[in-house]
**Q** 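Supplied in structure tokens, the structure appears directly below.
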Number of protein chains: 2
Amino acid sequence: MTHPKRRGRRPAGEDTKAALLSAARAVFTEQGFDGATVRTIASRAEVDPAMVNHWFGGKQGLFAAAIQLPVDPEQIRMTVHNSPPEEIAERVLRTFISVWDDSSGGGFAALMRSAATQESAAKLLREFIATTFGTRLRELGVDHPDLRVTLFGSQLSGLGLVRYVLRQEPLASADVDTLVATIGRTLQRYLTGDLGLGGE
Amino acid sequence: MTHPKRRGRRPAGEDTKAALLSAARAVFTEQGFDGATVRTIASRAEVDPAMVNHWFGGKQGLFAAAIQLPVDPEQIRMTVHNSPPEEIAERVLRTFISVWDDSSGGGFAALMRSAATQESAAKLLREFIATTFGTRLRELGVDHPDLRVTLFGSQLSGLGLVRYVLRQEPLASADVDTLVATIGRTLQRYLTGDLGLGGE
DNA sequence: GTCTATACAACGATAGAC
DNA sequence: GTCTATCGTTGTATAGAC
């Protein structure tokens with residue numbers, strides 16, 4: 001018995017890379033950036049820990065390659081694009097909540113844990129929000145589109161924060177309709193409503 | 001001059017504890033929980049690293065003892081208590097923004113970095129929001145006071161997140177009046193306005 | 001009780017052998 | 001391309017000096 005894990009040596013690099021990426025996504029999601037260890041990821045991928053450095057330049061690089069949004073970007077983009085202006089907020093909110101609730105907020109909490117520390121995660125989040133919603137708002141021709149996008153992002157991420165990270169009741173267990181009535185209305189105002197800025 | 005660094009041994013335990021607490025606050029604020037090291041904190045306090053274990057039971061315990069809100073709780077409590085109901089949101093928002101902006105958001109970002117990972121930080125934040133605003137709302141006799149509090153918290157923390165952690169423009173550089181007009185109005189609705197829940 | 005000194009296992013990372 | 005050996009650093013535990 002030479003090796004209970006692997007016999008000789010591994011054939012190709014693509015397998016190793018893919019296995020590491022997949023394991024990294026799982027472990028980073030469960031433990032966050034600092035909580036995850038290179039050794040854990042490598043062992044789950046059945047690969048030598050040194051491969052992380054070899055293929056991704058280190059833990060940081062592996063994280064940047066593995067990090068992904070806690071929603072399907074294309075699904076959101078389609079929802080945003082195909083909804084009549086006055087329904088965008090409600091539809092997007094329902095989509096986010098159903099996805100986040102399904103994973104017990106694990107995906108969102110993981111991204112949040114990392115966004116606070118890792119610039120790569122913060123950048124991903126910034127750019128997703130800016131492009132997805134910014135494009136649609138410019139199409140609609142509303143005033144202050146960029147400000148609206150960030151206001152929208154602030155309320156949406158704040159909801160995720162209180163509901164999935166802080167887990168503060170009763171918002172943590174509120175049903176979707178309650179959230180749509182309260183927060184959905186806010187989001188819709190940020191997108192297409194009167195901001196109260198006087199000008200324009 | 002008896003001790004520029006430290007000659008023989010330290011006089012009392014209270015000095016050591018206080019020095020560690022003070023150094024811990026600084027280092028945790030700058031680096032977050034995971035970024036800070038026990039050795040760095042101890043060296044800044046001019047104390048042996050083992051004292052962290054002796055006095056606080058470990059890094060975790062030191063953090064729990066050192067963590068504090070990124071605002072003066074008493075100042076907020078007074079603002080909340082002395083404002084007429086329809087002005088609470090604006091006044092509180094102005095207070096938070098001025099304090100956070102003064103420290104370049106360092107205090108908020110630090111708490112956020114830790115709140116995502118450390119249960120003790122999350123708890124601190126939860127309880128501060130719940131007691132400070134919950135008490136006042138019950139006084140005012142509005143419906144769904146607890147839900148209102150968490151809605152309020154979600155928008156306020158979301159603002160902090162986008163403005164100080166993600167640093168997304170134009171919200172990151174928006175002036176106070178813009179924030180009051182846009183987000184202040186949301187906060188006020190969450191506190192005393194119509195939530196749109198139908199009942200009552 | 002208060003503190004110093006030292007030891008330890010686990011971490012991220014690297015150099016170089018195969 | 002892959003892996004072993006090893007480095008410096010981390011959090012923590014322990015022994016013992018005063």
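The analysis underlying the following values was restricted to heavy atoms, covering all of them including side chains, and did not include hydrogens, waters or symmetry mates. Lettering follows sequence order; numbering is per chain, from 1. Keep in mind that this is a model prediction, so the values were computed, not measured.
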**Q** Between P on C:dA10 and CD1 on A:Ile41, what's the gap in Å once rounded to a whole number?
**A**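 From A:Ile41 CD1 to C:dA10 P: 18 Å.
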**Q** Run the salt-bridge test on A:Arg126 and A:Glu119 with the 4.0 Å N-O cut-off and return the result as yes or no.
**A**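 A salt bridge links A:Arg126 with A:Glu119.
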**Q** Any side-chain donor-acceptor pair under 3.5 Å between A:Glu87 and A:Gln188?
**A**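 The answer is no; no qualifying pair exists.
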**Q** Between the main-chain N or O of B:Asp177 and the side-chain N or O of B:Arg94, is there a donor-acceptor pair closer than 3.5 Å?
**A**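 Side chain of B:Arg94 to backbone of B:Asp177: no pair is present.
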**Q** Any side-chain N or O of A:Thr16 below 4.0 angstrom from OP1/OP2 of D:dT2?
**A**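 Yes.
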**Q** When you match A:Arg39 and B:Glu14 each to their closest nucleotide on DNA chain C, which lands nearer the 5' end?
**A**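 Per heavy-atom nearest nucleotide, the more 5' residue is B:Glu14.
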**Q** Within the 4.5 Å heavy-atom criterion, are A:Asp146 and A:Arg138 side-chain neighbours or not?
**A**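 They are in side-chain contact.
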**Q** Can you tell me the distance, in whole Å, between the CD atom of A:Gln118 and the C1' atom of C:dG12?
**A**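 These atoms are roughly 13 Å apart.
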**Q** Take atom CG of B:Asp48 and atom C1' of C:dT4, then tell me their distance rounded to the nearest Å.
**A**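 So the CG-C1' distance, B:Asp48 to C:dT4, works out to 6 Å.
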**Q** Can a donor-acceptor pair be found between the side chains of B:Thr40 and B:Ser43 at a distance below 3.5 Å?
**A**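 No, B:Ser43 and B:Thr40 have no side-chain donor paired with an acceptor closer than 3.5 Å.
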**Q** By a strict heavy-atom criterion of less than 4.0 Å, which residues belonging to residues 50-65 of chain B are in contact with DNA chain C?
**A**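 Residues of residues 50-65 of chain B under 4.0 Å from DNA chain C: B:Ala50, B:Met51, B:His54, B:Trp55.
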**Q** If we count only N and O atoms by modelled type, under 3.5 Å, do the side chains of B:Thr186 and A:Arg189 hold a donor and an acceptor together?
**A**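 Yes, side-chain donor-acceptor contact under 3.5 Å.
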**Q** Tell me what B:Ala36 touches on the nucleic acid: a base, only sugar-phosphate, or nothing, going by heavy atoms under 4.0 Å.
**A**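 Sugar-phosphate contact only.
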**Q** Within this structure, what is the CG-to-P distance between B:Asp34 and D:dG11, rounded to whole angstrom?
**A**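 So the CG-P distance, B:Asp34 to D:dG11, works out to 9 Å.
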